Trainee: 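Just passing along the structure, written as structure tokens.
To find a chain, count down the sequence lines: A is the first, B the second, and so on, and within it residues start at 1. Treat the numbers as computed from the prediction; the structure is a model and nothing was measured.
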There are 2 protein chains.
Amino acid sequence: MGETSTRTVDRAIDLLAVVCDTRGMTLADCARATDLSASTALRLLRTLEAKGFVQKTEEGLYSPGRRIMQLGAAALSEESLIDYCKADMEALVSDTGESTYLSVPGFRETAIYISIIEGTHSVRHTSWVGRTIPLAGTAAGEALVGRVAPGAYVVVEKGVEADVTAIAAPVLSGRRVVAALSLVIPSYRLNEVLVARYGELLAATAGSLSSGLSHEPGVPTAALSS
Amino acid sequence: MGETSTRTVDRAIDLLAVVCDTRGMTLADCARATDLSASTALRLLRTLEAKGFVQKTEEGLYSPGRRIMQLGAAALSEESLIDYCKADMEALVSDTGESTYLSVPGFRETAIYISIIEGTHSVRHTSWVGRTIPLAGTAAGEALVGRVAPGAYVVVEKGVEADVTAIAAPVLSGRRVVAALSLVIPSYRLNEVLVARYGELLAATAGSLSSGLSHEPGVPTAALSS
DNA sequence: AATATGGTTGCCATCTAGTGACAATGCTAG
DNA sequence: CTAGCATTGTCACTAGATGGCAACCATATT
């Protein structure tokens, strides 16, 4: 795919990445970091600036502009998160046989299910997209309010529903919790070993998803698109 | 600045915006929306895809890619928010004479001050960047946990400190609360009229900041950079 | 003060890389 | 089946992207 790439756009994007990764750079810093001539870098940065992707301070330092914030916010919308998490949620269901949920903060002190992939057992937890659950007393809620450390998981028995146990882990974008990934399992099917196993699997999955949404300078994105 | 723009980059960025604004578009849709030939649009979208800015589903539909999420997350980092809010915070201090604070969620159930612009009165509230305050019982906390509607404000007297009244409003990016903007004022200087006046001013400022971070398709960004 | 170094910005000759018309192939609707 | 549209690849053409260079500025050093 590299040979069908558009060099000029490649270069502009590299400059954008540099500005987002290391804010407060001079033109000369940007040119060096991307191995471009200062003239070329200036012209491309000017284009990015005109489009709102970067901004230049009075001192001549470049930092991200509003447009990249806007597009980033749009990209982190629910639809994107659903798409982004789908394969991993399906893998979770494959590995555990249990129903997996993706939830985000709702209005006031609620969370809302935005994506559900049901488990494979004939006795399984069932719910619906759009359902709201309270933040308080639920595993997803705990994860969403930041009570669960990145890479960890929380277990809540008899939270909203009496016969189920929920395990949840936070999905972060940078340092910000953007979603909670959870498994909701009929309690009779669980024991301590399984809870630990599923919890660790869930936390690893959420951690991997979080890594993909984190600020990773210099990541070869083509290699990560698989 | 238009005549020094790089046409190829302009075009790629327009395509990126179209994909983020209206996800699930075909190549032909993208080409029409940007008035490019299908060949050109395909090549530019291929470049954006290789760089992770867009992704293409099995059905051939384009949606935002991980890289734009990552850069958006980085752009919404604290430093950017500080830069972005600075002028409006200064205007607030100008208009009210009171100290104004920008805070974001901290670890667990705290908020953290990331930017402070002190008021102009000799008797003024003083605090420090990096200070954490509890989410519970503070105006900023109320705003950060989503208890304050967009465009509204909350008033808390004797929250953390006995002699001050805090007014706060949420700053959103899309539907997500990313920060709280607040005024912290010695209580003796306030009456109901002033509280309402400052509250409305603060809410309007936070609303304006939120608008700037919202998903706004087709905004002429050069016009908004002033 | 003079010199050296590095940064920013503009200019313009050069030529490479970006372009789009066209063709081939595939899919869908009538 | 035909027509229309979408996707993808090819290639001749030239426009636009490039970078060397100069002018100017700021700062540090001698």
Trainee: Would you tell me if any nitrogen or oxygen in the side chain of B:Ser37 comes within less than 4.0 Å of OP1 or OP2 on C:dT19?
Mentor: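 Result: no.
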Trainee: May I ask you to say what A:Thr26 touches in the nucleic acid, namely base, sugar-phosphate or nothing, with a heavy-atom cut-off under 4.0 Å?
Mentor: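 Sugar-phosphate contact only.
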Trainee: In terms of the nearest nucleotide of DNA chain C, which residue is placed more toward the 5' end: A:Leu42 or B:Arg11?
Mentor: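 Whichever sits nearer the 5' end wins; that is A:Leu42.
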Trainee: To the nearest Å, how far apart are B:Asp29 CG and D:dT7 P?
Mentor: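 For the pair B:Asp29 CG and D:dT7 P, the rounded distance is 7 Å.
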Trainee: Could you state the CG-C1' distance from B:Leu44 to C:dA17, rounded to the nearest angstrom?
Mentor: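 Answer to the nearest Å: 12 Å.
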Trainee: Backbone N or O of A:Ser182 within a donor-acceptor pair of the A:Thr100 side chain at under 3.5 Å?
Mentor: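 Yes.
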Trainee: Specify the separation, in whole Å, of atom CG of A:Leu15 and atom C1' of D:dA17.
Mentor: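 So the two atoms are 14 Å apart, to the nearest Å.
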Trainee: Using OP1 and OP2 only, check whether a side-chain N or O of A:Arg46 sits under 4.0 Å from C:dG10.
Mentor: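 Yes, within the criterion.
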Trainee: Below 3.5 Å, does any donor atom in the side chain of A:Ser39 face an acceptor in the base of D:dG20, or the other way round?
Mentor: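 Yes.
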Trainee: What is the separation between atom CZ on A:Arg7 and atom C1' on C:dT19, rounded to the nearest whole Å?
Mentor: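 Distance check: A:Arg7 CZ to C:dT19 C1' gives 15 Å.
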Trainee: Roughly what angle, to 10°, lies between the helix axis at the start of the helix from C:dA1-D:dT30 to C:dG30-D:dC1 and the one at its end, five pairs per end?
Mentor: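 End-to-end axis angle for the helix from C:dA1-D:dT30 to C:dG30-D:dC1: 40°, rounded to 10°.
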Trainee: Could you walk me through whether B:Asp29 and B:Arg32 pass the salt bridge (Lys or Arg N to Asp or Glu O under 4.0 Å) check?
Mentor: CA-CA 5 Å; B:Asp29 292 334; B:Arg32 264 192 302 268; 3.0 Å; yes
Trainee: Show your reasoning for whether side chain to side chain contact (heavy atoms under 4.5 Å, CB included) applies to B:Leu45 and B:Cys30.
Mentor: CA-CA 9 Å; B:Leu45 282 167; B:Cys30 294; 4.0 Å; yes
Trainee: Are a donor atom and an acceptor atom from the side chains of B:Ser208 and B:Thr205 found within less than 3.5 Å of each other?
Mentor: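 No.
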Trainee: Does B:Arg43 put a side-chain nitrogen or oxygen below 4.0 Å from OP1 or OP2 of C:dT19?
Mentor: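 For C:dT19, OP1 or OP2 has a side-chain N or O of B:Arg43 closer than 4.0 Å.
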Trainee: What's the CG-P distance between A:Leu27 and D:dA26, to the nearest Å?
Mentor: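 Result: 17 Å.
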Trainee: What's the CG-P distance between B:Asp10 and C:dG18, to the nearest Å?
Mentor: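 Result: 14 Å.
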Trainee: Decide, yes or no, whether a salt bridge links B:Arg7 with B:Asp10 under the criterion of side-chain N to carboxylate O below 4.0 Å.
Mentor: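 Looking at B:Arg7 and B:Asp10, the cut-off is not met.
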Trainee: OH of B:Tyr62 versus C1' of D:dA6: gap in Å, rounded?
Mentor: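 Roughly 12 Å, once rounded to whole Å.
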Trainee: How many angstroms lie between atom OH of B:Tyr62 and atom CD of B:Gln55, to the nearest 0.5 angstrom?
Mentor: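 Answer rounded to 0.5 Å: 11.5 Å.
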Trainee: Going by atom types alone, do B:Thr132 and B:Thr110 pair a side-chain donor with an acceptor below 3.5 Å?
Mentor: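 Checked: B:Thr132/B:Thr110 side chains show no N/O donor-acceptor pair below 3.5 Å.
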Trainee: To the nearest angstrom, how far is B:Leu36 atom CG from C:dT19 atom C1'?
Mentor: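 Result: 10 Å.
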Trainee: By the 4.0 Å heavy-atom rule, please label A:Thr8 as base, sugar-phosphate, or nothing.
Mentor: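 Sugar-phosphate: the residue A:Thr8, judged by heavy atoms under 4.0 Å, touches backbone atoms but no base.
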Trainee: Find which nucleotide of DNA chain C each of B:Thr40 and A:Ala38 is nearest to by heavy atoms, and output the residue with the more 5' nucleotide.
Mentor: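 Closest to the 5' end, via its nearest nucleotide, is A:Ala38.
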